[in-house]
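These values consider heavy atoms only, across backbone and side chains, with no hydrogens, waters or symmetry-generated copies.
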Amino acid sequence: MQQYLPSLALEIFSLCTWLVIIAIVFIPLERLCAQQKQPVLRKEFFIDLGYYFLNSLLPKLLLIIPMSIVAAAVHQIEPSGIYTWVAALPLRVRFVLAIIVGEFGAYWGHRWSHEIPWLWRFHAIHHSSEEIDWLVNTRAHPLDMFFGRFTGLVPIYLLGLAQPTADSADIVPLLYSVVGTVWSFWVHANMNWRFGFIERLLATPAFHHWHHTNDGAEYINKNYAAILPIIDILFGSFYLPKHRWPQKYGIEMPIEPSLTGQLLQPLKW
């Protein structure tokens, strides 16, 4: 146990550093360009702060074994020539393809989390916040976070866009995860910026805030994509009015008020 303590302490220090950097970026922007007037230390801010540390550590540990199995399995199934061809692609090409392919997987994982009741029990934690800002991005049950990342990474591995030669670590999954995480902070931000036609190309706060709306049944279950709204357009789940924002957020389902209670709630039969 003692040999792991220094690395854990370093990991926590790194997370604290990134938290300060992200807060320095988003808090002033949200104060200057707020869509909803709310204090920085809003209700449940410290619960979401707990989720920040928990979900920065636990889901990636849970992913190690499943993704290792997926990587080993696909290299036994896929023709080796495909991996040789993919490995020869420039890194930037593999990264762009990984974003596109990963978005399709993540879209359906996210959509299933709304449509399948057992998965919704976990995903509801993320939607329970009645105030939206950058830190709400981290508010998620670790098993829900694990499932979302898993569904995004699997197609990347299946198509050989990660570890295409299977003999060395690959940076593409890491880049995909980092970009996805940073983008998630951005789309949850409490900011009233609008971007015209770009909003159909890249997810923005306006796009994702409608995903969190509690304005009525006709508005919910929209805008599942994390980065590329074109996927919602393709599958009929896109909704983004030009001059309107949601009036309220959250869900009708009762959620436990404490972090521990929220972690245990989906596991109760």
Between Tyr224 and Ser237 the two heavy atoms that sit nearest each other are CD1-OG, 3.7 Å
Heavy atoms of Leu228 and Glu103 approach each other most closely as N-OE1, 2.8 Å
Scanning both residues in full, the closest heavy-atom pair of Gln262 with Glu256 reads NE2-O, 2.9 Å
Notebook entry, point to check: Hey, any chance Tyr249 and Ile251 share a hydrophobic cluster, counting ILVMFWY side chains that come within less than 4.5 Å of each other, even indirectly?
Noted result: no
| query | Is the closest side-chain heavy-atom distance between Val187 and Phe207 below 4.5 Å? | reply | no
Side-chain heavy-atom pair Glu131, Glu44 within 4.5 angstrom cut-off
no
Note to self: Using ring centroids (six-membered ring only for Trp), state whether Phe147 and Phe122 fall under 6.0 Å.
What the structure shows: no
Margin query: Between Glu130 and Lys248, does any NZ, NE, NH1 or NH2 come within less than 4.0 Å of an OD or OE carboxylate oxygen?
Written below: no
Does Arg244 qualify as a cation-pi partner of Trp210, given the criterion of NZ or CZ under 6.0 Å from the six-membered ring centre and within 45 degrees of its axis? no
Residues His211 and His110: closest non-hydrogen pair is NE2-NE2, 2.9 Å
In this structure, would Ile21 and Phe26 fall into the same cluster of hydrophobic residues linked by side-chain contacts under 4.5 Å? yes
Check: Under 4.0 Å between a Lys/Arg side-chain N and an Asp/Glu carboxylate O for Arg42 and Glu30?
Finding: no
- Please find out if less than 6.0 Å separates the ring center of His127 from that of Trp120. yes
| request: Could you check whether the rings of Phe195 and Trp193 sit parallel, tilted or perpendicular, using 30° and 60° as the cut-offs? | output: perpendicular
